[in-house]
Amino acid sequence: GQQVMQIPQYQHVQEGEDFTTYCNSSTTLSNIQWYKQRPGGHPVFLIQLVKSGEVKKQKRLTFQFGEAKKNSSLHITATQTTDVGTYFCAGGSYNNNDMRFGAGTRLTVKP
Amino acid sequence: DAGITQSPRHKVTETGTPVTLRCHQTENHRYMYWYRQDPGHGLRLIHYSYGVKDTDKGEVSDGYSVSRSKTEDFLLTLESATSSQTSVYFCAISSTSGRAIHEQFFGPGTRLTVL
């Protein structure tokens, strides 16, 4: 079945450094979504990518969807302490109506 | 935040007892989901519903059942709780257009401990 792998599992950065998390799927995805979960909170939707090679930006966050629609990345430029949390990708399948989540990347930022 | 609540928010129970978790939405969204979240595993889908009385299994459905008798309510039942079902459970909702699934809105979560 569809699996979504996400790396790294943890990332610790100094404030101001960049951060990237990667997602890879064993199958072609219909779309990919990204979520952020603050410590003790619930996942909150950030963005959805649908098209092959799509790139979207939200302020310091850049999201990419691979040409083959099997991989995606989230890049944060110049991290801030407010970026702390766990970032999840979720991939959609053409064969069913559910989204499969990666294991998440937990980001900590040292001031 | 989307109008989605979960009850109870915390529960401690003993092995072998039945447990029912409730998810309630006020958004009239078609899709509802139950996930469990465990360290190192992220969010794993248990069951989901695409309409009243329409449900399907997710990747970790063994030991769980669901029911959806009204659009706004989605119940998750552990028939006989086991310690391996100790977890944080999240409900989520989403709307659709055609076959496209839109973003999911998550509830606050239920922390379940099975002793």
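Below, read A as the first sequence line, B as the second, and so on, with proteins coming before strands; counting in each chain starts at 1.
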From B/Phe105 CZ over to A/His42 NE2, what is the distance, rounded to the nearest 0.5 angstrom? 10.0 Å
Kindly determine whether B/Glu103 and A/Gln48 satisfy side chain to side chain contact (heavy atoms under 4.5 Å, CB included), including the steps that lead there. CA-CA 7 Å; B/Glu103 65 265 29; A/Gln48 174 167 275; 6.0 Å; no
For the student: nearest non-hydrogen atoms of B/Phe90 and A/Pro43, plus distance: CE2-CD, 4.1 Å
Atom CD of residue position B/Glu14 - does it have more than 12 heavy atoms of other residues, nucleotides or ligands inside 6.0 Å? no
Group every Ile, Leu, Val, Met, Phe, Trp and Tyr by side-chain heavy-atom contacts under 4.5 Å, then state whether A/Tyr22 and A/Tyr87 land in the same group. no
What part of B/Leu43 gets within 4.5 angstrom of chain A, counting heavy atoms only: side chain, backbone, both, or neither? both
How about A/Lys56: does its NZ atom have over 12 heavy atoms from other parts shown lying under 6.0 Å from it? yes
Is it the case that the ring center of B/Phe106 lies less than 6.0 angstrom away from the ring center of A/Tyr35? yes
Looking at A/Met99 and B/Tyr35, what are the two nearest heavy atoms and their distance? O-OH, 4.0 Å
With clusters defined by side-chain heavy atoms of hydrophobic residues (ILVMFWY) lying less than 4.5 Å apart, directly or transitively, does B/Leu75 cluster with B/Val114? no
For B/Arg111, look at atom CZ and say whether over 12 heavy atoms of other residues, nucleotides or ligands are found less than 6.0 Å away. no
As an exercise: rank B/Gly109, B/Gly58, B/Gly107 by heavy-atom pairs under 4.5 Å with chain A and give me the winner. B/Gly107
Among the listed options B/Gln37, B/His41, B/Arg44, the residue most often paired with chain A at heavy-atom distances under 4.5 Å: B/Gln37
Under 4.5 Å from any heavy atom of chain B, what part of A/Gln37 do you find: side chain, backbone, both or neither? side chain
Count I, L, V, M, F, W, Y as connected when their side-chain heavy atoms are under 4.5 Å apart, and connections chain through other members. Are B/Leu45 and A/Phe45 then in the same cluster? yes
